[in-house]
Peer 1: 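Below is a structure I'd like to ask you about.
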Amino acid sequence: MELLTNLLSILFSTIKDVIPIAAIIFGFQIFVIRRRIPNLKRVLFGFAYVIVGLAFFLLGLEKALFPLGRLMAEQLTNPEFIRQGIVGAAEVLRWQDYYWVYLFAFAIGASTTIAEPSLIAVAIKANEVSGGTIGIWGLRIAVALGVAIGIALGTYRIVTGVPIHYFIITGYVFVVIQTFFAPKMIVPLAYDSGGVTTSTVTVPLVAALGLGLAETVPGRSALLDGFGLIAFASLFPMITVMGYAQITEFREKRSRARRQAEFDQEQS
């Protein structure tokens with residue numbers, strides 16, 4: 001009964017959130033474009049599916065994903081767990097002792113990004129527009145790798161206490177440099193890929209991990225050190241997507257050069 005009550009509450013809340021979107025779309029179609037909505041029945045059914053799907057998705061996040069992420073963050077950042085294998089319990093923990101945290105951050109960053117609905121939508125559209133040149137799984141894996149590296153590096157920053165702006169400034173310097181050398185068609189997509197990672201699946205788990213780590217590492221502030229992981233999750237996918245495009249372009253050039261050399265050898 002409690003589950004049904006929560007579902008209905010989330011359903012009504014989702015309807016209130018979707019109504020402004022529907023009002024803008026239908027309002028522009030009727031009053032600005034002044035044309036009838038094509039396939040109105042199909043559009044209304046689509047909105048209904050979106051509302052129901054969002055409600056179930058949000059309920060699943062609240063009942064499963066949020067608590068699981070919070071629990072894993074609390075357990076992995078617990079000093080008693082980290083001290084396992086350390087000879088002296090009174091020994092000061094070093095950044096190397098948090099290797100399980102880095103590994104979990106890498107794994108959770110990659111897995112949540114692969115499952116991110118916004119990234120899937122962008123990858124499908126990019127594949128359609130490029131005529132299949134940009135692979136769906138290639139883009140998703142490149143973005144997931146960037147998020148994984150970023151979050152792992154962000155947890156290292158929390159443990160060590162290094163100021164966040166050192167990492168962010170250095171990362172954007174790499175992005176600017178890569179922008180000049182990466183294939184021009186991939187640059188806008190790489191920039192968008194950094195934004196689509198900060199959505200409903202990735203943010204809750206990453207935020208829970210950052211806050212849990214900052215609360216358990218001695219000398220860290222939850223407010224100053226607990227946040228900032230989302231910035232890493234947005235920055236590093238731009239680097240990995242442009243890097244993926246650069247590697248692909250290099251391999252294609254080398255393959256063309258090899259075929260040309262073989263052709264010239266046959267002609268001679």
Side-chain angles (χ1 to χ4, degrees), residues 57-58 60-84 92-119 140 142-175 191 193-241:
F57 178 70
L58 293 174
L61 287 179
E62 181 182 334
K63 294 297 182 182
L65 207 55
F66 291 172
L68 181 61
R70 192 179 304 115
L71 178 63
M72 289 297 297
E74 291 174 355
Q75 291 177 340
L76 284 172
T77 55
N78 191 320
E80 294 181 0
F81 170 78
I82 296 174
R83 284 194 173 93
Q84 292 178 3
V92 177
L93 293 174
R94 302 164 300 171
W95 67 268
Q96 299 96 325
D97 300 326
Y98 290 84
Y99 61 92
W100 278 115
V101 175
Y102 309 141
L103 182 60
F104 175 73
F106 185 93
I108 203 67
S111 59
T112 55
T113 305
I114 288 291
E116 195 66 70
S118 55
L119 176 60
R140 290 174 66 185
V143 175
L145 182 62
V147 175
I149 295 173
I151 295 177
L153 190 60
T155 54
Y156 166 80
R157 183 202 70 82
I158 295 175
V159 171
T160 57
V162 179
I164 188 174
H165 58 272
Y166 292 168
F167 294 92
I168 300 300
I169 292 173
T170 304
Y172 275 106
V173 168
F174 273 102
V175 170
Y191 282 25
S193 298
V196 299
T197 58
T198 55
S199 191
T200 49
V201 178
T202 307
V203 170
L205 287 172
V206 172
L209 177 62
L211 290 172
L213 187 59
E215 290 172 354
T216 53
V217 174
R220 298 293 172 264
S221 167
L223 183 60
L224 295 177
D225 301 305
F227 296 97
L229 282 181
I230 308 302
F232 284 81
S234 299
L235 169 61
F236 281 84
M238 293 187 282
I239 298 175
T240 54
V241 170

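Residue numbers run from 1 in the order of the sequence given.
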Peer 1: Kindly give the heavy-atom pair with the smallest separation between Pro237 and Val147, and that separation in Å.
Peer 2: CG-CG2, 3.5 Å
Peer 1: Minimum heavy-atom separation for Ile168 and Ala231, please, with both atom names.
Peer 2: CD1-CB, 4.0 Å
Peer 1: Check whether any side-chain heavy atom of Leu153 lies under 4.5 Å from a side-chain heavy atom of Phe167, and answer yes or no.
Peer 2: yes
Peer 1: Report yes if the side chains of Leu213 and Tyr98 come closer than 4.5 Å at any heavy-atom pair, otherwise no.
Peer 2: yes
Peer 1: Could you tell me which residues satisfy side-chain contact (heavy atoms from CB on, under 4.5 Å) with Phe106, sequence neighbours excluded, listed by chain and number?
Peer 2: Leu145, Ala148, Ile149, Ala152
Peer 1: What is the minimum heavy-atom distance between Val196 and Glu116, and which atoms define it?
Peer 2: O-CG, 3.6 Å
Peer 1: Identify the two heavy atoms, one from Phe227 and one from Arg157, that lie closest to each other, and give their separation to 0.1 Å.
Peer 2: O-NH2, 3.7 Å
Peer 1: Mind checking the CD1-CD1 spacing from Ile158 to Ile164? Nearest 0.5 Å is all I need.
Peer 2: 8.5 Å
Peer 1: Heavy-atom count around Phe174 CZ within 6.0 Å, excluding the residue itself: above 12?
Peer 2: no
Peer 1: What distance separates Thr113 OG1 from Ile108 CD1, expressed to the nearest 0.5 Å?
Peer 2: 9.5 Å
Peer 1: Between Phe236 and Phe232, what is the ring plane arrangement, given parallel below 30°, perpendicular above 60°, and tilted in between?
Peer 2: parallel
Peer 1: Do Val143 and Thr240 touch side chain to side chain, with heavy atoms closer than 4.5 Å?
Peer 2: no
Peer 1: Does Arg220 reach the main-chain N or O of Thr160 with its side chain, forming a donor-acceptor pair under 3.5 Å?
Peer 2: yes
Peer 1: Heavy atoms only: give me the nearest Asp225-Ala214 pair and the separation to one decimal.
Peer 2: C-CB, 4.0 Å
Peer 1: Can you see which heavy atom on Ile151 is nearest to which on Gly109, and at what distance?
Peer 2: CD1-CA, 3.8 Å
